[in-house]
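Keep in mind that the numbers below use all heavy atoms, side chains included, and drop hydrogens, waters and symmetry copies. Keep in mind that what you see is a predicted model, and the values were worked out from it rather than measured.
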Protein chains: 2
Amino acid sequence: MGQLKTAATERRSHQDFFNIAVSVDCVIFSYQDKALKVLLIKSDLKEFEGLYSLLGDLVGPDEDLEEAPYRVLQERTGLHDVYLEQVHTFGNIGRHPSGRVITTAYFSLVNSKSSNFQITHDDVSWHPVNSLKKLAFDHKIILDTCLKQLRDAVMEHPIVFNLLPEKFSLRELQDIYEAILGIELDRRNFRKRLMVKDWLVDLAEMEEDVPHRPGKLYKARPSLKKNGRAPLHIDQRLVV
Amino acid sequence: MGQLKTAATERRSHQDFFNIAVSVDCVIFSYQDKALKVLLIKSDLKEFEGLYSLLGDLVGPDEDLEEAPYRVLQERTGLHDVYLEQVHTFGNIGRHPSGRVITTAYFSLVNSKSSNFQITHDDVSWHPVNSLKKLAFDHKIILDTCLKQLRDAVMEHPIVFNLLPEKFSLRELQDIYEAILGIELDRRNFRKRLMVKDWLVDLAEMEEDVPHRPGKLYKARPSLKKNGRAPLHIDQRLVV
DNA sequence: GCAAAAGTGTTAATCTTACACCCATGC
DNA sequence: GCATGGGTGTAAGATTAACACTTTTGC
C-alpha cells in the first residue's frame, strides 16, 4: 500500500496520454417517402474524397460527452427536441487518418418536416439507409451497428413518434415500423400489439382528402414526449 | 463547397482538442460463495481515500480501445481468455478529479479459481455486488449499468460458463443465474429452458462426494468457448 | 360501381408459469 | 431411516402468428 497521490500528481504523470481526441458521431435517422433515411455529409478529407460520412464533431474540452451529440444535432438540423441514444464507442488506432480519434456513436430520430428543421450546409443530405455502400472512416460499421440497435429498440420503446407529424394514422405508423425493421407486418396484429402498449391517444378525427376510406387519427401520448435528455446511463427508453 | 483539406491540416487545426484522456473501466464479475462478486481496488487518490474503484487504465496512444480492457484484465488477473462486452461510455466533465477523462465501461466474467488467475496487487479484492454502497468516481453508476446489461445478456447468450469449472452440475449453473439475476428460479423450468438452447454437453458423469443424490455433470459446448475477441461492434454474443 | 385502403376477430401454435412426487446418496 | 438435494411432467394461461371479409371514401 503506497503513498496516496493527489489528483494533480496523477494528472502530471499521465500527461502523455492526453493525446487522443474524442468525438461523437450521430446517425440521424429520418423517414421520408416511405423509407428510412440517414443524414450524411460529403467528407471534406482528401483521403475520403467522394465519400459521405456521418455528422460528428470533436467533444469540446468543457462539454459533457452526452451534450456533444445534442450540439451536433442542433448545429446540423436546428433541432433540439430529439430522441438520442448512445450505441457504442469505436476506437481502433487507424480509424481516423488525422490522428488518434475515438468516437462514441449515437443514433437519433428526427422529423425533417418539423418547422425548426433546416440543413445549414450544402454538402449535407439525406440518403436511403438501404442502398448505402461505402462511407468514410468506419462509418458504415457505425451505421450498421446503430441500425441494429434501433431495430432492437423500436418495438419495445416508444421512440418513433419524432418521425411523424403531430397527428397520424395507424397506417403511417405501420409504414414507419416496416421501413425501420425492413419487413412487412400484419396489419391486424400490428394494431393489437400497439394498442396494448397504450402509447396512443385516439383523436376522434379522421384523415381528409384521401382517395379511400379515411383512417382515424392518433397522437402520441403526451407523457411519451420526454425525448432524450434523461441521463443516458439510465435506460431512457423506459422513461414512459 | 470549400477546399478539401488533408488529414494533416485537420489535425493541426484541432490540436487543442487533443486534451481529453480516454480510459477503460472493467467491471470484472466473478462468482464465489454463491454470490456475484466484483473486483475492486482501493482508490489511490486522496479525493477518494477509503473508497474502492473499478479496475481501469488509460488507453495507450497506440492501443486499440478494445484492446485496453483485455490488457487491464491480463494485468490485474492474469487472465486472457475471458468474455468481455462493451457497455457504455461515460464522459461528464467533472467525473474525474485529475482532469478530463472519458471512460468506456466493459464487463467481464472471470473464474477466480482458474489456474491462471492471480491478483498482483494487495489493494485489489473481491466484493459482493449486493451490499456495495459508494465507490470512487462515478463507478457505482458504471457498475449498476454493467450489472443491468449483464442481466439482460445472460438468459439470451451463453456467457456464464467462464464462471464455472470445466465440469458442473445444473444446480451449480442455476445458482449462478440466481446470483446474477438476483431472483430465484424454478428448477424444472430452468432446466427445460436451458436444454432447449443446446449450450450443454452431457458428460455422462456424476458428482462425487456430495451428501445427497449426485447430479449429472455437464460442460459447455466447445463451440461456445469463443470468448471475447470477436470485434465488439459485431454482437459477439451471437457467435455460437 | 370500382379502386384503394380501413377496420375488425378467431383459431392454432407456441411459450411461460406454476406446481409435487419419487429417487439416490451420505451419514 | 433420515436428511439433502436430484430428477422429472402436466395443465392453465398468456402470447404470437396466420388469415379474409366488410366498410368507407374519391373518382
Original post:
Toward the 5' end of DNA chain C, which comes first, Lys216(A) or Asp209(B), by nearest nucleotide?
Top reply: Lys216(A)
Roughly, in whole Å, what's the span from [atom1] in [X] to [atom2] in [N]?
| X | N | atom1 | atom2 | result |
| --- | --- | --- | --- | --- |
| Phe190(A) | dC19(D) | CZ | P | 20 Å |
| Asn189(A) | dG9(C) | CG | P | 14 Å |
| Met155(A) | dT15(D) | CE | P | 15 Å |
| Ile183(B) | dA18(C) | CD1 | P | 11 Å |
| Tyr218(B) | dG6(D) | OH | C1' | 10 Å |
| Glu178(B) | dG5(D) | CD | C1' | 13 Å |
| Asp186(A) | dA20(D) | CG | P | 11 Å |

Original post:
For the side chain of Arg213(A) and the base of dA3(C), is some donor closer than 3.5 Å to an acceptor across the two?
Top reply: no
From C-beta outward on [X], which listed nucleotide comes closest to its side chain: [options]?
| X | options | answer |
| --- | --- | --- |
| His212(A) | dT8(C), dA5(C), dG6(D) | dA5(C) |
| Lys192(A) | dT25(C), dT10(C), dT8(C) | dT10(C) |
| Arg188(B) | dT8(D), dA6(C), dC19(D) | dT8(D) |

**OP:** Pick out which of Leu54(A), Asp144(A), Val129(A) makes a side chain to side chain contact (heavy atoms under 4.5 Å, CB included) with Val27(A).
**Re:** Leu54(A)
**OP:** Run the salt-bridge test on Lys148(B) and Asp152(B) with the 4.0 Å N-O cut-off and return the result as yes or no.
**Re:** no
**OP:** Answer yes or no: is there an ion pair linking Arg71(A) with Glu67(A), defined by an N-O contact shorter than 4.0 Å?
**Re:** no
Original post:
Any donor-acceptor pair under 3.5 Å linking the side chain of Gln86(A) with the backbone of Thr89(B)?
Top reply: yes
**OP:** Please check if the side chain of Glu172(A) supplies one atom and the backbone of Ser169(A) the other of a donor-acceptor pair under 3.5 Å.
**Re:** yes
Subject >> Distance test, side-chain N/O of Arg191(A) to OP1/OP2 of dG7(C), below 4.0 Å >> reply: yes
Subject >> Position toward the 5' end of DNA chain D (nearest nucleotide), Arg187(B) or Pro214(A) >> reply: Arg187(B)
**OP:** Using a 4.0 Å heavy-atom cut-off across all strands, classify Arg171(B) as base, sugar-phosphate, or nothing.
**Re:** sugar-phosphate
